Structure formats: C-alpha cells, structure tokens
Amino acid sequence: MDTREPLIVIVGQTASGKTSLAIKLAQILDGEIICADSRTIYKGMDLGTAKPAKEEQAGIPHHMLDVVEPSERYTVVDFQREANRLISDITNRGKVPIMVGGTGLYIDAVIFDYKFTPQNSTARNPINPRHLLTDSSSQRDTTLRPNTLVLGIQLEREVLQKRIAERVDHMISQGFIEEVRELGQKYGWQVSAMQAPGYRAFREYIEGSISLEEAKAIFVKNDLSLAKRQRTWFRRNKSIQWTNSVDEAVDFATTLMSEKQ
RNA sequence: GCAGGGUUAGUGAAGCGGUCAAACACGGCAGACUGUAAAUCUGUUGGCUCAGCCUUCGGGGGUUCGAAUCCCUCACCCUGCA
C-alpha cells in the first residue's frame with residue numbers, strides 16, 4: 001500500500017551543509033523541517049550543536065528543537081513517536097515534511113519503522129553495555145518507508161575538516177565558551193547531553209587544565225571522529241541518494257512530490 | 001673547545017645482543033549499532049606474489065652465528081664546564 005505521507009530526508013555528517021540544503025528545499029517545496037538530531041533537542045545547547053538560529057531558519061518552521069532540558073532523558077522512541085506525529089501533522093496542513101539530521105539511529109527508526117523492545121528489557125551486550133540485547137525477531141529491517149526520498153550529502157575529508165575548524169572559531173566568536181560554562185554550572189558535567197564533542201572538549205579549558213588552542217583542537221578531533229561514525233552508519237544504507245549538488249537534490253525532491261500529485 | 005644526554009615506525013614514547021616489524025598512547029583506516037547514539041563498542045595500522053619473504057630503529061663503517069640494542073666515525077639537538 002502506497003498510503004504513507006511523502007517524506008524528504010536529508011542526512012550527512014556534521015558540518016556537511018544539511019541545514020542550508022534543508023532550508024532551500026523547504027522554500028522551494030513549501031516545507032517544514034523536522035530536526036533529527038540527538039543534541040539540538042536540548043534547550044540551551046545552541047552554539048555548540050550548531051543549532052540553526054532564528055535568523056538562519058529564514059521563516060521556515062523548525063520542529064524538534066529545544067524539546068527537553070539537558071538533564072532530561074530522551075530516547076529514540078520519543079523521537080520516533082514525535083517525528084511520525086509531525087509528519088502527519090505537517091502533511092495535513094498541506095506542507096511537505098523534511099526531516100534532516102545526523103543522528104542515524106533517529107533517522108532509521110523513522111524511515112525503517114523500527115519496532116522497539118519494551119522498556120523493561122534489561123538484557124545488555126557484555127562487550128558494549130550501552131547496547132540492549134536484541135532478539136532475533138528484531139533483525140535490521142532495510143525496507144524503506146514508502147514515499148520517502150533520502151538524500152545524503154558527502155564531503156571529502158579535507159573539506160569537512162576545514163569546515164569543522166572554521167565552525168569552531170565561529171562558535172567561539174559567538175559566545176560558545178560562555179554557553180559551555182553556564183551549562184556546566186547548571187547541569188553538571190556528568191549528564192550525557194554534555195558529552196557532545198564541543199562541550200566535552202571545552203570543559204577542561206574552563207577548568208583551566210588545557211589551553212584554548214588545545215581545547216579547539218580537541219573539539220575538531222571529536223567532531224571528526226563523530227563524522228567518521230556517521231559516515232560508517234550512512235554508508236550501509238543503500239536507500240540514500242548521494243549528491244553534493246543543490247540543484248540535483250531539488251530535482252530528486254520535486255520528482256518525488258510530483259509523483260504524489 | 002671539553003664533559004654528559006639524545007636521535008625508534010604518521011606523532012609521542014618503550015626497548016638496551018637473539019622470543020623485535022619493534023610494547024604503549026594518540027592519530028589514521030575499517031566495522032558494529034533497534035528506548036543513553038554528537039553516545040558506546042570492536043578490529044586493523046612498514047611493504048609484498050602474505051601461515052612466507054623483503055626493507056626499517058639519524059648517516060656511514062666495524063664486532064658477532066646474530067645488533068634498534070656493543071665499538072668507531074660523521075651529522076643534528078639538548079645539558080654542564082669553559
């Protein structure tokens with residue numbers, strides 16, 4: 001059955017330019033953006049997560065930003081439920097839902113309709129305690145949700161590295177260090193939200209054990225290793241249409257939408 | 001100028017006659033991932049015609065069955081005395 005709402009998804013590594021492509025598509029297709037990002041859902045974590053500021057949003061509605069406090073627990077299941085609700089809601093209002101983000105698990109939960117085991121399941125993988133043991137019935141399902149276009153942006157490592165380094169400088173000029181200091185005081189350093197690349201790197205700088213230059217270098221390094229994991233995650237997804245051209249992305253998107261008319 | 005210390009794979013750093021292609025850390029590469037995922041975890045990392053072979057431990061020359069490890073010498077770096 002071909003009854004699912006059309007959905008456009010944009011994935012890519014951190015700093016690859018997902019946000020600007022999403023806004024461009026939203027303007028052309030009259031869309032609204034759903035952010036699939038495990039860190040921008042936190043209130044107050046703005047600069048360090050490269051959360052699009054109001055001005056950058058260019059009047060396009062952005063959903064799933066500032067949903068919970070950094071101290072609160074938030075999981076894929078929460079995201080999946082809310083994202084599906086939003087997709088219906090946006091479609092019902094005559095707009096096009098565009099889901100964009102770098103959190104592979106969040107994206108896959110929606111586009112592959114993951115079925116999660118009950119919360120009371122406590123069996124853990126002995127090698128990696130953060131993973132829940134899965135039973136054989138919940139093997140990875142790679143059947144893409146109908147009416148879904150998944151666009152992927154891929155940059156060369158050198159280009160990405162340069163963009164990340166420049167972004168760090170920009171964040172700092174915008175007041176990133178103050179943001180880290182305030183969040184650290186308010187929520188403590190132990191909350192998992194604060195384990196994100198930039199916050200983790202600048203904690204030591206704020207506590208005085210490393211220099212500014214060292215902190216920046218660690219931030220870049222952390223972002224690069226995140227980017228590496230994101231690349232690995234997305235590579236195995238055969239449903240992704242890779243592109244690095246905005247025009248091409250627009251073509252793919254308009255084709256999908258016209259097929260649905 | 002004299003005395004002493006140093007020079008090891010991408011980087012830092014062990015090794016101090018054989019079991020060394022060389023510990024360990026970082027970086028690199030590859031992978032996993034279904035209610036913490038910007039997190040967490042795994043493998044790999046000199047070359048090759050890859051269960052074996054070849055070339056590496058600042059350069060050159062020796063000693064030895066055998067050297068990254070000992071000796072001589074050259075180069076560069078650091079420290080003490082002049």
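Naming: A, B, ... by sequence-line order, numbering from 1 per chain. Quick caveat, the model's predicted, so the values are computed rather than measured.
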Separation of atom [atom1] in [X] from atom [atom2] in [N], rounded to whole Å:
X: A/Y106; N: B/rG35; atom1: OH; atom2: P; result: 12 Å
X: A/I41; N: B/rA37; atom1: CD1; atom2: P; result: 7 Å
X: A/Q80; N: B/rG35; atom1: CD; atom2: P; result: 10 Å
X: A/F79; N: B/rA37; atom1: CZ; atom2: C1'; result: 13 Å
X: A/Y74; N: B/rA37; atom1: OH; atom2: P; result: 10 Å
X: A/N237; N: B/rA37; atom1: CG; atom2: P; result: 19 Å
X: A/F116; N: B/rA37; atom1: CZ; atom2: C1'; result: 11 Å
X: A/L226; N: B/rC41; atom1: CG; atom2: P; result: 15 Å

Open item on the list: Heavy-atom nearest nucleotide on RNA chain B for A/T75 versus A/A193: which residue maps closer to 5'?
Closed with: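 Its nucleotide being nearer the 5' end, the pick is A/T75.
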Open item on the list: Test side-chain hydrogen bond (donor to acceptor under 3.5 Å, both in side chains) on A/K54 and A/Q57; report intermediate values, then the result.
Closed with: CA-CA 5 Å; A/K54 266 284 169 279; A/Q57 295 179 16; 3.3 Å; yes
What does [N] pair with, Watson-Crick or G-U, if both distances are under 3.5 Å?
N: B/rC81; answer: B/rG1
N: B/rC57; answer: none
N: B/rA67; answer: none
N: B/rG27; answer: B/rU45
N: B/rA32; answer: B/rU40
N: B/rC16; answer: none
N: B/rC76; answer: B/rG6

Suppose you measure atom [atom1] in [N] against the same atom in [M]; what distance do you get, rounded to whole Å?
N: B/rA82; M: B/rC77; atom1: P; result: 23 Å
N: B/rC70; M: B/rG17; atom1: P; result: 7 Å
N: B/rU11; M: B/rG59; atom1: C1'; result: 23 Å
N: B/rA32; M: B/rG66; atom1: P; result: 50 Å
N: B/rU44; M: B/rG10; atom1: C1'; result: 15 Å
N: B/rG15; M: B/rA68; atom1: C1'; result: 8 Å
N: B/rC53; M: B/rA21; atom1: P; result: 11 Å
N: B/rG80; M: B/rA9; atom1: C1'; result: 33 Å

Quick test: give all pairs of protein nitrogen or oxygen and nucleotides 9-11 of chain B nitrogen or oxygen below 3.5 Å, distance rounded to 0.1 Å.
none

TODO: Begin from the C-alpha positions of A/Y187 and A/E69 and carry the test side-chain hydrogen bond (donor to acceptor under 3.5 Å, both in side chains) through to its verdict.
DONE: CA-CA 9 Å; A/Y187 301 103; A/E69 299 283 325; 2.4 Å; yes
For [X], all residues meeting side-chain contact (heavy atoms from CB on, under 4.5 Å), sequence neighbours excluded:
X: A/L21; result: A/I10, A/L25, A/I153, A/V246, A/A249
X: A/A227; result: A/Q13, A/T14, A/L160, A/Q230
X: A/T143; result: A/D141
X: A/W189; result: A/V180, A/M194, A/R203, A/I206, A/E207

TODO: Pick base, sugar-phosphate or nothing for A/D223, based on heavy-atom distances below 4.0 Å to the nucleic acid.
DONE: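 Result for A/D223 = nothing.
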- [ ] Remember a base hit wins even if backbone is also touched, and classify A/G198 as base, sugar-phosphate or nothing at under 4.0 Å, heavy atoms.
- [x] nothing
If the cut-off is 4.0 Å, is [X] near the phosphate of [N], judged by side-chain N/O to OP1 or OP2?
X: A/R229; N: B/rU40; result: no
X: A/R81; N: B/rG35; result: no
X: A/R231; N: B/rG31; result: no

Open item on the list: Can you see whether A/T148 engages A/R145 through a side-chain donor-acceptor pair at a distance of less than 3.5 angstrom?
Closed with: yes
Task: Note: A/D169-A/K216 ion pair, threshold 4.0 Å (strictly below) - done: yes
Open item on the list: Side chain of A/K228, heavy atoms from C-beta onward: which of B/rG35, B/rA32, B/rA30 has the nearest atom to it?
Closed with: B/rA30
Task: A/R235 side-chain proximity, nearest of B/rG31, B/rG35, B/rA37 - done: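 Shortest atom-to-atom distance from the side chain points to B/rG31.
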Check nucleotides 26-28 of chain B for protein N or O atoms closer than 3.5 Å to its own N or O atoms and list the pairs.
unit_1	atom_1	unit_2	atom_2	d
B/rG27	OP1	A/K221	NZ	3.2

TODO: With sequence neighbours excluded, give me every salt bridge (charged side-chain N to carboxylate O under 4.0 Å, His left out) pair touching residues 218-234 of chain A.
DONE: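 Qualifying pairs: A/R167-A/D223.
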TODO: Evaluate side chain to side chain contact (heavy atoms under 4.5 Å, CB included) for A/D108 paired with A/I111, printing each intermediate quantity in order.
DONE: CA-CA 5 Å; A/D108 287 0; A/I111 68 174; 3.9 Å; yes
TODO: Sorted by first residue and then second, give each ring pair (Phe, Tyr, Trp, His ring centres under 6.0 Å) pair with at least one member in residues 226-253 of chain A; sequence neighbours left out.
DONE: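 Checked against ring pair (Phe, Tyr, Trp, His ring centres under 6.0 Å) - neighbours excluded - no pair reaches residues 226-253 of chain A.
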- [ ] For A/F176, check ring-ring contact (aromatic ring centres under 6.0 Å, His included) against everything at least two apart and list the hits.
- [x]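 Once residues adjacent in sequence are excluded, the partners of A/F176 under the ring-ring contact (aromatic ring centres under 6.0 Å, His included) criterion are A/Y199, A/F202, A/F219.
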- [ ] Keeping to residues at least two apart or across chains, list the side-chain hydrogen bond (donor to acceptor under 3.5 Å, both in side chains) pairs with something in residues 87-107 of chain A.
- [x] A/E5-A/S88, A/E32-A/R93, A/E32-A/K95, A/D89-A/R93
Task: A/E166: partners by side chain to side chain donor-acceptor pair (under 3.5 Å), with sequence neighbours left out - done: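 In terms of side chain to side chain donor-acceptor pair (under 3.5 Å), with neighbours along the sequence ignored, A/E166 is linked to A/K162.
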Task: Members of residues 11-25 of chain A that approach RNA chain B, where some heavy atom sits under 4.0 Å away - done: none
